[in-house]
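Note on naming: letters A, B, ... go to the chains in the order of the sequence lines (proteins, then strands), and numbering restarts at 1 for each one.
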Number of protein chains: 4
Amino acid sequence: MNQRKTLPVLVKARWQRRKNARRQELLAAALELFEEKGYASTRLEDVVKRAGVSKGTFYLYFVNKEELFTMVVRENLAEAIEYTRDDIPEFSGHSADLLRCFISGWWQRVSAPRVSSIARLIVAEAGSFPELAAFYNEEVLERSVKLVSNIVARGIAQGHFTSIGPASAAQALLSPILMLMICKSSLYPYNDRAFDPESFIDSFIALILSGLVPRND
Amino acid sequence: MNQRKTLPVLVKARWQRRKNARRQELLAAALELFEEKGYASTRLEDVVKRAGVSKGTFYLYFVNKEELFTMVVRENLAEAIEYTRDDIPEFSGHSADLLRCFISGWWQRVSAPRVSSIARLIVAEAGSFPELAAFYNEEVLERSVKLVSNIVARGIAQGHFTSIGPASAAQALLSPILMLMICKSSLYPYNDRAFDPESFIDSFIALILSGLVPRND
Amino acid sequence: MNQRKTLPVLVKARWQRRKNARRQELLAAALELFEEKGYASTRLEDVVKRAGVSKGTFYLYFVNKEELFTMVVRENLAEAIEYTRDDIPEFSGHSADLLRCFISGWWQRVSAPRVSSIARLIVAEAGSFPELAAFYNEEVLERSVKLVSNIVARGIAQGHFTSIGPASAAQALLSPILMLMICKSSLYPYNDRAFDPESFIDSFIALILSGLVPRND
Amino acid sequence: MNQRKTLPVLVKARWQRRKNARRQELLAAALELFEEKGYASTRLEDVVKRAGVSKGTFYLYFVNKEELFTMVVRENLAEAIEYTRDDIPEFSGHSADLLRCFISGWWQRVSAPRVSSIARLIVAEAGSFPELAAFYNEEVLERSVKLVSNIVARGIAQGHFTSIGPASAAQALLSPILMLMICKSSLYPYNDRAFDPESFIDSFIALILSGLVPRND
DNA sequence: TATGAATGAGCTTTCATTCAT
DNA sequence: AATGAATGAAAGCTCATTCAT
């Protein structure tokens, strides 16, 4: 009795799981190829081949190539956006330590290939997908600036930081991270010189905290 | 007699000039369109239409679309490379002033649309044109870092700057410029918030010179 | 005991009814869509959606799309063919009245959407389905002509009609009906001018009975 | 001197001639195939093969398949429309003779394959190309009715015809022609029975002039 | 019996490239 | 040197049909 009613539900649920998996496989394959060749040069045939499905199957999951790109971006952006949701952690020590800790932690997260390559993709395709560029501006860049601004403002309020415009300081603190994200998956792979982003970030923070001009104290 | 000999030369010269002009018109048209739509989405038909020549003519000047892109990039990169040829100016004042002056001057030059948009193009098409990415790394990025390194090193030698690794300091000083170049022609056009690169550069230099942590002196 | 035997029969009967209903639903949906978009432009997906069944189910009832079309036509042609089975009614009055009555009655029946739109469909798809065109010729047109011929022949025998070839007279009498059937579901829906088929048929019969040239009697 | 100026003109003119020929070849090939298989079932590949050009060439002459169909129809409709431009000829005899002459002449013209098959095509594709159906209604059907109406009205005015509504008489007179046009290229090719449209038209006119009911005069 | 996800051949359309003029 | 009509390989997308469930 129960069986007759639950059977279709189970079937549907299993299908749903399968459908979701297929979709993710397509998105993953597409991300790799978009990253590798850019939007226009990526052939749908390659995407479906890499995802292990047929051409027709693709159109069961996405209305067209454009939507695929949009979905790839939005899906992978979610992670980056999540980071900007973090509150400033409870921290009783010096604001410099908080900042150091926060910035290098940030880099560790956004340096993940899927996160940083999406940033580069958006930069590359901004002309063709303006709404994605706008989305990235609002939901990632602006929110990140606001978050770092808060930390800087806290530092100023506690007398740990000099009285500087928190927004432009935040922008300054984030600029090497954004640059690294973009270059990591474009220019740097073709760079002979070994370059270690982590240590660069560390020395950057050190530099910005204490300044280039020596102190007398 | 003399005339008979020089006439063809003059004619050839005029042709040469015409030929060169055609080439430049094609390069200019291509730059605009590559910038607008990216390499793959730019149709040769649109390039020749904008340059005011026929499709066939294009192939008298370039072997194919790929070469066109390469030429567009190399041609416009020349300017940026020129900047890295500059010697450190004779300057007897404080190294901080030299640096301030140098960095903001640099920005003024590379913020020119043709210069900054080429950087973004290279980032966008690095996957398809690795040799251009490598070229940019070597001929622009590395040379710029070296140049700024020298200034920092000079400052350290004169006791104007703290004893820091000049290379990573240079990287730090250049990172907002590189980021601005890339974002100026991709993300920022779709940004609501007014953002003034010049004043950002200024406050960035100020911040990096004196540091975020207040001084006791 | 008896029950045990009849029960499965009843069940089967219900299934049969259900099965038949499904088939009819598919045929009805298909007719609507074929009429609307033609054979080639009608997607099976739309047919099954309109019939409320799944794609796979369709193939339990029809071997393929071609057969579906054939079945739609044959099913709906049955009605038109039925009309040609009618005997000439017993009628003792003037043959002109019989003809008038018969022709306008005929139009009333074949003007039903399902009947007339099938005629237009066959005309439209004759190139792709020649056997249906031949079928229509034989089973509908020829039989109709024969039927009307009989009425005309009767009229001639009774001295009610002039001595004319009954077959070509029948063709003449049927031609506006065939034309109306075809145009009703193709050209006329896009006609601004109001056009009333019924009154046209009436005046057509009047005209053909008494002639365009005035009589002296 | 002259040569330098006229050469490009000549070249352009020759090209123009070639271009026009190509266009006509494509239209002719398309007409044949649309007539044979209908719009949707006609593959562009077959059209270009029959016209002897490549796939790409097609798109130099037409923006897409839809436009091709529209052009095929409009181009070939021009002829049919031309007929409706004819004035009623000067004729001093009996209006019955004028009508007889006019109608059978009309049929001779519209029975040309290109003219009649276009009518059938419009009927078949009216659902997909409503604007063509409307165009045909206005520019062909309505004008034809008006033209024949004038002849009938003339006959009534001269006492040659009975006082009947000229419009419905015209419709009645044209209906077998329209029916023949449509059926000639759809149903009749699959008809066993020999059927001669010309003699049918003749007997139709005779019938309609003198009427089915015998005269006493 | 019924489902609907999956297929892939085949369609329309695009565009870098060629070549006769 | 310059043209632009012509090409055809390859792309995105559709849809009748199949099949595991």
Side-chain angles (χ1 to χ4, degrees), chain A residues 7-8 10-12 14-16 18-19 21-23 40-48 52-66 68, chain B residues 15-16 18-19 22 40-49 52-68, chain C residues 15-16 18-19 22 40-49 52-68, chain D residues 7-8 10-12 14-16 18-19 21-23 40-48 52-66 68:
Chain A
L7 194 63
L10 277 176
V11 165
K12 201 159 201 176
R14 188 183 304 155
W15 264 334
Q16 210 55 47
R18 186 70 180 278
K19 276 200 93 164
R22 277 263 190 276
R23 191 186 156 83
S41 299
T42 294
R43 301 183 305 135
L44 237 26
E45 178 148 0
D46 291 340
V47 173
V48 300
V53 299
S54 71
K55 248 189 234 184
T57 299
F58 171 82
Y59 289 91
L60 296 175
Y61 294 91
F62 302 95
V63 306
N64 56 23
K65 195 184 170 188
E66 266 194 34
L68 172 66
Chain B
W15 272 346
Q16 207 56 45
R18 186 67 189 278
K19 203 175 165 181
R22 278 272 154 87
S41 298
T42 293
R43 304 187 308 137
L44 238 26
E45 175 143 5
D46 290 339
V47 174
V48 299
K49 196 181 293 168
V53 300
S54 73
K55 250 172 175 178
T57 300
F58 171 83
Y59 287 91
L60 297 174
Y61 292 93
F62 301 94
V63 308
N64 57 22
K65 193 185 175 187
E66 268 193 31
E67 199 221 30
L68 172 67
Chain C
W15 272 345
Q16 207 57 44
R18 186 64 189 278
K19 203 177 166 179
R22 276 272 154 88
S41 299
T42 293
R43 304 187 309 137
L44 237 27
E45 176 142 6
D46 291 339
V47 173
V48 299
K49 197 182 292 167
V53 301
S54 73
K55 249 173 175 176
T57 300
F58 171 82
Y59 286 91
L60 297 173
Y61 293 93
F62 300 93
V63 308
N64 57 22
K65 195 186 173 186
E66 268 193 31
E67 199 221 30
L68 172 66
Chain D
L7 193 65
L10 278 176
V11 166
K12 201 157 200 179
R14 187 182 306 156
W15 264 334
Q16 210 53 47
R18 187 70 180 279
K19 275 200 93 165
R22 276 262 190 278
R23 192 187 154 83
S41 299
T42 293
R43 300 183 304 136
L44 239 24
E45 178 149 359
D46 290 339
V47 174
V48 300
V53 299
S54 73
K55 252 189 230 183
T57 299
F58 171 82
Y59 288 92
L60 296 175
Y61 294 91
F62 302 94
V63 307
N64 56 23
K65 193 185 172 186
E66 266 193 33
L68 173 66

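Note: CG (L68(D)) to P (dT12(E)) measures 11 Å, nearest angstrom. Between K49(C) atom NZ and dC15(F) atom C1' the separation is 13 Å, expressed in whole Å. If you measure from atom CZ of F62(B) to atom P of dA16(E), you get 15 Å, rounded to the nearest angstrom. The distance between atom CZ of F58(A) and atom P of dG8(E), rounded to the nearest whole Å, is 17 Å. With rounding to whole Å, K65(D) atom NZ is found 16 Å from dG10(E) atom P. We find that CD of E45(B) is positioned 10 Å from P of dA5(F), with the value rounded to whole Å.
Mapped onto DNA chain F by nearest heavy atom, V53(D) and L44(C) fall at different nucleotides, with V53(D) at the one closer to the 5' end. Residue order along DNA chain F, read from the 5' end via each residue's closest nucleotide, puts G52(B) first among G52(B) and S41(C). When each of L60(A) and A40(B) is assigned the nucleotide of DNA chain E bearing its nearest heavy atom, the one mapping closer to the 5' terminus is L60(A).
Residue Y61(B) is in sugar-phosphate contact alone, with no base atom involved, counting any heavy-atom pair closer than 4.0 Å across all strands shown. Looking at heavy-atom distances under 4.0 Å, Y59(B) makes contact with a base.
The ring-ring contact (aromatic ring centres under 6.0 Å, His included) test applied to Y61(D) returns no partner, not counting sequence neighbours. E66(B) meets the side-chain contact (heavy atoms from CB on, under 4.5 Å) test with Y39(B), N64(B), F129(B); sequence neighbours excluded.
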Going by atom type alone, with no hydrogens or angles, which donor-acceptor pairs under 3.5 Å involve a side-chain atom of residues 40-48 of chain C and a protein atom two or more places apart or on another chain?
from: T42(C); atom 1: OG1; to: L33(C); atom 2: O; distance (Å): 3.2
from: T42(C); atom 1: OG1; to: G38(C); atom 2: O; distance (Å): 2.7
from: R43(C); atom 1: NE; to: D46(C); atom 2: OD2; distance (Å): 3.4
from: R43(C); atom 1: NH2; to: D46(C); atom 2: OD1; distance (Å): 3.2
from: E45(C); atom 1: OE1; to: K55(C); atom 2: NZ; distance (Å): 3.2

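Rounded to the nearest 0.5 Å, atoms CZ (R23(D)) and CG (L60(D)) are 12.5 Å apart.
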Polar pairs (N or O, both sides) under 3.5 Å between protein and nucleotides 8-10 of chain F?
from: dG8(F); atom 1: N7; to: G56(D); atom 2: N; distance (Å): 3.4

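Consecutive pairing runs in DNA chain E reach the stem threshold at E:2-21 with F:2-21, where a stem means at least three Watson-Crick or G-U wobble pairs with distances under 3.5 Å.
Contact check, R22(C) against dA2(E): a side-chain N or O comes under 4.0 Å of OP1 or OP2.
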